[in-house]
*Asks:* 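The following block contains the structure, expressed as structure tokens.
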Amino acid sequence: MGSIYVSFIIKTEPVFNDNTEVLDKTFQSVYKPVIKFLYSHSDFPLSFAFSGSQIQYFKKRKNELIAILHELTDRKQVEILGGGYNEPLLPLLNSVDRNGQIDLLTCEIRQTFGKRPRGMTLFHDCWDSSLVNNIHTCGLEYVLLNSSLVPDNKRTFLPIFMSDLGKSVDIFLYYNELLPKNNMLAEEFIWNIEKSVLKIEKKETRLQLDADRIVTLSLTPKQAAILMESKWFESLEKYLKENPDSRIKLTTPNLYRQHSLKSKVPSYIPVGISDEVSAILQTVKSSESRARFPSTIYDFINTFKPSRKLYSRMMYLSMLVNQYKNDKMRKKSAREKLWQSQNGMSILCTAKNPFDNSLYRQQAYKNLTEAEKILRGDGKFEESVTCFDYDSDGLDEYVCRMEQYFAYISLCGGSVNELDVIKNACNYCDNLMRVPEYDDFEDLYDRGLFIDHLFTPEQLKKYASGESAGDGVFSRIQYSELKYSQLHHELQLCARAVWKPTGQTVYLKKKFVINSTGMYVQYILKNESNKPLNACFAVEANLTDISYLQKNNTGFSLEIVDNGEVRSIDTSKGFKHLNSSGKLNNIHLVRISDQANGTSFVFEPNEKCGFCFNPMIMKRPGIDFEECAPASRTYESTLYWNVSIEPGMETEKSINFTIIPVKKIKK
């Protein structure tokens, strides 16, 4: 029987936006004691996976760590693994961005540690077979993946050889089930590995030439810190020295490939993602969907709409950057911002709120909008309204690139689902939908701007108090295009519905006129039934508080002109409190200001209307799926009119929406 090689790898610490506080803590608890141990135990090999932000942090603040790691790699005791510079979800990116992210980290590792990486890791094991071509093109020779991504009969403790479209790559599997548990003795750990390998060898039927097996074990920084604190690595090395006849030997993946690789297992791995992300998906999928295996990143972004919307914006900016040809330096700067936004933590939710992490998404939106701002800065930008399937849902969207903002209008609900203000580089439509498990109520439509409802007085009363809109009719209808003028920046949509309370057929025509600082939205509501229509027509706008989870948060301010009187509204309280005086029924103007970020939004109806307002805090579970914590805050503000329409007649309402820069307040 051949030897059994064991390779320990310490994975990168997920960090977004160069969080030095997290990096400092990880250095003190993990990397400092590990490097100290390796330097004094020259026979113990180990591999590290670093992100680009980690390496930059080490170079700026921990030069002594760089020097020691350089020495350890020179004596082949330590192997530094490559990957994506900003820990992106590589399968989601265009090929040029995949190669750029991999090459950037490869170059950084070679310049910092003196040797280029031969292998790489993937953020949360996000895998797609198309990556074989990118890995091969970038000069890397192998990749590490979780064993859960392959069938049981391929988990033979041998490297997997995979080919795709004429390119090939080796795949080393790591086995989480064989990781040392708490207080596990080194002898028991080795016995578990030998037993697992022996079980595979007994089932082996094909020709073998005493193949040397390799058991790769991937440790999180937290797991490595626990093992270092308990001096487990010392006890393992001591046991191996006292038992020189043991089959177990320590190595790194590259040393194994150079000196001990005798056999590979041909296999094809189509798609997959880590067990942690799969577990998140299992909590929200139906029992029928849970039978599918394995889970993929595509399942994730199609399940969680905030991630899907961010991904659509990311792909759109990737197209703009890669097609830009006017200024090479400007293109390079924009691409750097684009790659920063591609950090996987902004799409996969791996922080305190695994379902929806608003801070990471907003930081990604900021980087994307700054990338677009850089491209616009060449003086050749032209405003446009284009029509194409922006979010890959099978329906066309109307994408508005205007001087002060980027937005798109969806046929689903006929609403504005994204509003990126160029001035402060934030998406004010990054709203979450309420779910009954955490927020008591359920929203059956995407929250955005200019969402239309038709209510009875009783339904409006419940809605104004913060309850679900229920059957708001037009909020859950797919609109149709009546007219689209790219030249005049004009769009007309229409929808026909049966209003359930009375069974009457109602027709709504909705017209958008898009300008540099906002939109003019006109509604024509027609009663197509044979009896009078008496209802409340409401237009809802939702603005997310982009600073809600940040320190020194000041929130939004709200001012209204009610029957000629200017009133300042307490945004921490909802409609029940605001309307206790019997006002808010003759509104001329509504102004919502995010003074912390220097932006104000003005809604001006063409005639007096009612107004209701509700701040909504969405809660989501923590990483243990037990304790819920605030994850996001949305300000829901709605203008409404009481309408009475005779059969065959129609009424017209309109709102002028304007984005105005305001003076920032000091935080």
Side-chain angles (χ1 to χ4, degrees), residues 309 312-313 315-327 330 334 368-369 371-423 427-429 448-452 474 478-496 507-526 539 541 601-606 650 652-661:
K309 291 178 180 178
S312 299
R313 175 71 167 149
M315 295 307 294
Y316 184 72
L317 256 296
S318 178
M319 177 193 71
L320 293 181
V321 171
N322 291 319
Q323 292 181 354
Y324 184 81
K325 298 179 180 179
N326 294 338
D327 185 333
R330 192 174 293 277
L368 290 169
T369 308
E372 182 169 3
K373 189 190 300 185
I374 291 171
L375 298 182
R376 292 183 177 193
D378 62 0
K380 299 181 180 180
F381 169 72
E382 295 183 1
E383 295 182 337
S384 64
V385 178
T386 53
C387 176
F388 63 98
D389 189 2
Y390 170 82
D391 58 5
S392 302
D393 63 349
L395 300 173
D396 284 343
E397 282 76 38
Y398 302 88
V399 177
C400 312
R401 294 186 71 206
M402 311 309 288
E403 181 181 343
Q404 291 199 21
Y405 66 93
F406 169 91
Y408 76 88
I409 301 168
S410 173
L411 289 174
C412 296
S415 60
V416 177
N417 282 353
E418 183 169 337
L419 180 65
D420 298 282
V421 177
I422 302 299
K423 177 178 178 291
N427 176 19
Y428 283 95
C429 282
L449 299 178
F450 304 111
I451 299 169
D452 315 317
F474 294 110
Q478 180 177 311
Y479 282 63
S480 300
E481 179 189 309
L482 271 180
K483 179 183 177 182
Y484 161 60
S485 174
Q486 185 175 2
L487 177 63
H488 297 100
H489 298 169
E490 182 179 317
L491 169 66
Q492 292 185 25
L493 306 177
C494 67
R496 179 176 281 105
Y507 178 81
L508 179 64
K509 185 164 71 172
K510 188 173 185 178
K511 176 182 177 181
F512 289 91
V513 179
I514 297 105
N515 56 58
S516 300
T517 59
M519 300 177 180
Y520 170 78
V521 186
Q522 180 193 53
Y523 295 94
I524 298 178
L525 185 66
K526 183 177 181 180
V539 179
F601 305 94
V602 177
F603 299 85
E604 185 177 2
N606 66 326
E650 59 189 30
E652 183 263 347
K653 309 294 180 186
S654 65
I655 299 173
N656 193 38
F657 171 66
T658 309
I659 302 171
I660 302 174

*Asks:* Relative to the ring of Phe657, is the ring of Phe450 parallel (under 30°), tilted (30 to 60°) or perpendicular (over 60°)?
*Replies:* perpendicular
*Asks:* Under a 4.5 Å cut-off applied to non-hydrogen side-chain atoms, are Glu604 and Ile655 in contact?
*Replies:* no
*Asks:* Any side-chain heavy atom of Ile409 within less than 4.5 Å of one from Leu491?
*Replies:* yes
*Asks:* Should Ser516 and Glu383 be marked as a side chain to side chain donor-acceptor pair (under 3.5 Å) after you check the CA-CA gap, both sets of side-chain angles, and the distance that decides it?
*Replies:* CA-CA 8 Å; Ser516 300; Glu383 295 182 337; 2.6 Å; yes
*Asks:* Side-chain contact, heavy-atom cut-off 4.5 Å: Pro661 with Gln404?
*Replies:* yes
*Asks:* Measuring from atom CD of Glu397 to atom OG of Ser392, what distance do you get when rounded to the nearest 0.5 angstrom?
*Replies:* 8.5 Å
*Asks:* Of the non-hydrogen atoms in Leu375 and Ala334, which two are nearest, and what is the gap between them?
*Replies:* CD2-CB, 3.6 Å
*Asks:* Under a 3.5 Å threshold, yes or no: a donor from one side chain and an acceptor from the other, between Thr517 and Glu403?
*Replies:* no
*Asks:* Could you tell me whether a side-chain N or O of Asp396 sits under 3.5 Å from a main-chain N or O of Cys387, the two making a donor and an acceptor?
*Replies:* no
*Asks:* Taking side chain as C-beta onward, heavy atoms only, is Val513 less than 4.5 Å from His489?
*Replies:* no
*Asks:* Using modelled atom types and a 3.5 Å cut-off, is there a donor and acceptor pairing between side-chain atoms of Asp389 and backbone atoms of Gly394?
*Replies:* yes
*Asks:* With a 4.5 Å heavy-atom cut-off, do Tyr316 and Leu368 have their side chains touching?
*Replies:* no
*Asks:* How many angstroms lie between atom OG of Ser485 and atom NZ of Lys483, to the nearest 0.5 angstrom?
*Replies:* 6.0 Å
*Asks:* So which atom in Gly414 and which in Phe512 form the shortest heavy-atom distance, rounded to 0.1 Å?
*Replies:* O-CZ, 3.5 Å
*Asks:* Taking all atoms of both residues into account, what is the closest heavy-atom pair of Lys309 and Glu418, and its distance?
*Replies:* O-OE1, 4.3 Å
*Asks:* Regarding Glu481 and Tyr398, is there a side-chain donor-to-acceptor distance under 3.5 Å anywhere?
*Replies:* yes
*Asks:* Do Ser415 and Asn417 meet the criterion of a side-chain donor-acceptor pair at a distance under 3.5 Å?
*Replies:* yes
*Asks:* Go through Tyr428 and Tyr405 one step at a time and tell me if the ring-ring contact (aromatic ring centres under 6.0 Å, His included) criterion holds.
*Replies:* CA-CA 11 Å; Tyr428 283 95; Tyr405 66 93; over 10 Å; no
*Asks:* From Lys653 NZ over to Leu508 CG, what is the distance, rounded to the nearest 0.5 angstrom?
*Replies:* 12.5 Å
*Asks:* When you measure from the centre of the six-membered ring of Phe406, is the NZ or CZ of Arg401 closer than 6.0 Å and no more than 45° off the axis?
*Replies:* no
*Asks:* Start with the C-alpha gap between Ile422 and Thr369, add the side-chain angles, then the distance that decides, and say whether side-chain contact (heavy atoms from CB on, under 4.5 Å) holds.
*Replies:* CA-CA 6 Å; Ile422 302 299; Thr369 308; 3.6 Å; yes
*Asks:* Using atom types as modelled and distance alone, determine if a side-chain donor or acceptor of Lys511 lies under 3.5 Å from a backbone N or O of Glu490.
*Replies:* no
*Asks:* Quiz question: by atom type and distance under 3.5 Å, do the side chains of Tyr520 and Asn515 form a donor-acceptor pair?
*Replies:* no
*Asks:* When rounded to the nearest 0.5 angstrom, what is the spacing between OG in Ser384 and CD1 in Ile514?
*Replies:* 10.5 Å
*Asks:* Determine, stepwise, if the pair Arg313 / Asp420 fulfils salt bridge (Lys or Arg N to Asp or Glu O under 4.0 Å).
*Replies:* CA-CA 10 Å; Arg313 175 71 167 149; Asp420 298 282; 3.6 Å; yes
*Asks:* Any side-chain heavy atom of Phe601 sitting closer than 4.5 Å to one from Leu419?
*Replies:* yes
*Asks:* What's the spacing between Met319 CE and Gln323 CD if we round to 0.5 Å?
*Replies:* 5.5 Å
*Asks:* Do the non-hydrogen side-chain atoms of Arg330 and Tyr324 ever get within less than 4.5 Å of each other?
*Replies:* yes
*Asks:* To the nearest 0.5 angstrom, please state how far the NZ atom of Lys509 sits from the NZ atom of Lys526.
*Replies:* 9.5 Å
*Asks:* Is the positively charged end of Lys510 above the ring of Tyr479, judged by distance under 6.0 angstrom from the centroid and angle within 45° of the axis?
*Replies:* yes
*Asks:* So, using ring pair (Phe, Tyr, Trp, His ring centres under 6.0 Å) as the criterion, who are the partners of Tyr408 when residues are at least two apart?
*Replies:* Tyr390
*Asks:* Do Gln486 and Val385 touch side chain to side chain, with heavy atoms closer than 4.5 Å?
*Replies:* no
